[in-house]
Amino acid sequence: MRQAGIYSGMFSGGRTGPHLLPLARIKKIMKKSGDNVNMISGEAPIVFSKACELFIEDLTRRSWMVTMKGKRRTLHKDDVVSAFMATDIFDFLVSLVSDSTNPLDLTTVKRETFQP
């Protein structure tokens with residue numbers, strides 16, 4: 001596994017050990033994303049790894065809030081669906097949810113809007 005370089009300290013609070021997500025897999029996905037992507041610097045997968053970690057953390061926190069509103073202690077798929085349906089910045093995920101998914105009642109969840 002590739003060790004973190006100087007840039008990983010900026011994003012991980014000084015941690016320079018192994019990353020939570022596999023850098024080789026991230027690099028492979030990056031190469032598959034376009035025809036013109038031949039070379040990827042060593043720092044680019046590190047930044048993508050941290051961005052993915054932050055995305056997962058944010059979506060998990062929002063999903064957990066939906067779970068707590070339902071007075072439960074187990075996070076379910078419907079909680080995740082409700083979390084991104086109630087947030088404008090996750091609109092790109094709406095197409096991933098099948099019609100058979102029955103999310104929780106979204107009328108009680110206030111839809112957040114992005115304000116730059």
Side-chain angles (χ1 to χ4, degrees):
M1 180 201 278
R2 178 179 160 82
Q3 288 297 317
I6 59 172
Y7 294 106
S8 66
M10 288 191 281
F11 302 109
S12 63
R15 180 178 62 95
T16 59
H19 298 280
L20 296 177
L21 299 173
L23 297 179
R25 180 70 180 134
I26 292 172
K27 196 169 187 177
K28 185 185 287 187
I29 293 169
M30 290 172 72
K31 284 187 176 183
K32 285 183 178 181
S33 67
D35 295 333
N36 297 331
V37 180
N38 296 325
M39 300 290 288
I40 298 172
S41 72
E43 292 85 13
I46 295 170
V47 174
F48 270 90
S49 174
K50 187 60 181 178
C52 290
E53 290 174 28
L54 294 173
F55 171 75
I56 293 167
E57 182 181 333
D58 185 48
L59 187 56
T60 303
R61 286 178 196 250
R62 292 173 191 268
S63 302
W64 183 248
M65 289 181 358
V66 172
T67 302
M68 295 304 287
K69 283 184 181 181
K71 297 182 179 156
R72 292 178 284 110
R73 306 251 328 139
T74 303
L75 186 72
H76 296 288
K77 175 185 173 185
D78 292 341
D79 299 329
V80 178
V81 171
S82 295
F84 70 71
M85 293 285 282
T87 308
D88 284 341
I89 60 172
F90 296 137
D91 280 347
F92 66 96
L93 294 172
V94 172
S95 62
L96 297 177
V97 181
S98 66
D99 293 333
S100 63
T101 303
N102 186 15
L104 297 175
D105 182 21
L106 298 177
T107 57
T108 61
V109 180
K110 181 183 175 199
R111 187 163 178 95
E112 297 179 13
T113 57
F114 178 71
Q115 299 174 3

Requested in this report: Please collect all ring-ring contact (aromatic ring centres under 6.0 Å, His included) contacts where either partner lies in residues 21-60, sequence neighbours excluded, each pair once.
Outcome: Phe55-Phe90
Query raised in the report: Are Leu54 and Leu93 grouped together when hydrophobic residues (ILVMFWY) are joined by side-chain heavy atoms under 4.5 angstrom apart?
Result: no
Query raised in the report: Side-chain contact, heavy-atom cut-off 4.5 Å: Glu57 with Arg61?
Result: yes
Report summary line: CZ of Phe84 to CD1 of Ile89, rounded to nearest 0.5 Å, is 12.5 Å
**Report entry** hydrophobic_cluster_shared for Val94 and Ile56, side chain cutoff 4.5 Å
**Finding:** yes
Report summary line: Sequence neighbours excluded, the answer for salt bridge (Lys or Arg N to Asp or Glu O under 4.0 Å) partners of Arg73 is none
Query raised in the report: Which heavy atom in Val80 sits nearest to a heavy atom in Ser63, and how many Å separate them?
Result: CA-OG, 3.3 Å
Query raised in the report: When rounded to the nearest 0.5 angstrom, what is the spacing between CG in Leu75 and OG1 in Thr60?
Result: 7.0 Å
**Report entry** Listed once per pair and sorted, the ring-ring contact (aromatic ring centres under 6.0 Å, His included) pairs that draw on residues 63-83, sequence neighbours left out
**Finding:** none
Query raised in the report: Which heavy atom in Leu23 sits nearest to a heavy atom in Ser49, and how many Å separate them?
Result: CD2-CB, 3.9 Å
Report task. State whether Arg62 and Asp79 are salt-bridged, where the test is any N-O pair (Lys NZ or Arg NE/NH1/NH2 against Asp/Glu carboxylate O) under 4.0 Å. Result -> no
Report summary line: Value for CG (Leu21) from CD1 (Ile29), rounded to nearest 0.5 Å, stands at 9.5 Å
Query raised in the report: Does the side chain of Thr67 come within less than 4.5 Å of Thr74's, by heavy atoms?
Result: no
Report task. Could I get the full list of side-chain contact (heavy atoms from CB on, under 4.5 Å) partners for Ile40, not counting sequence neighbours? Result -> Lys27, Met30, Lys31, Val37, Ala44, Pro45
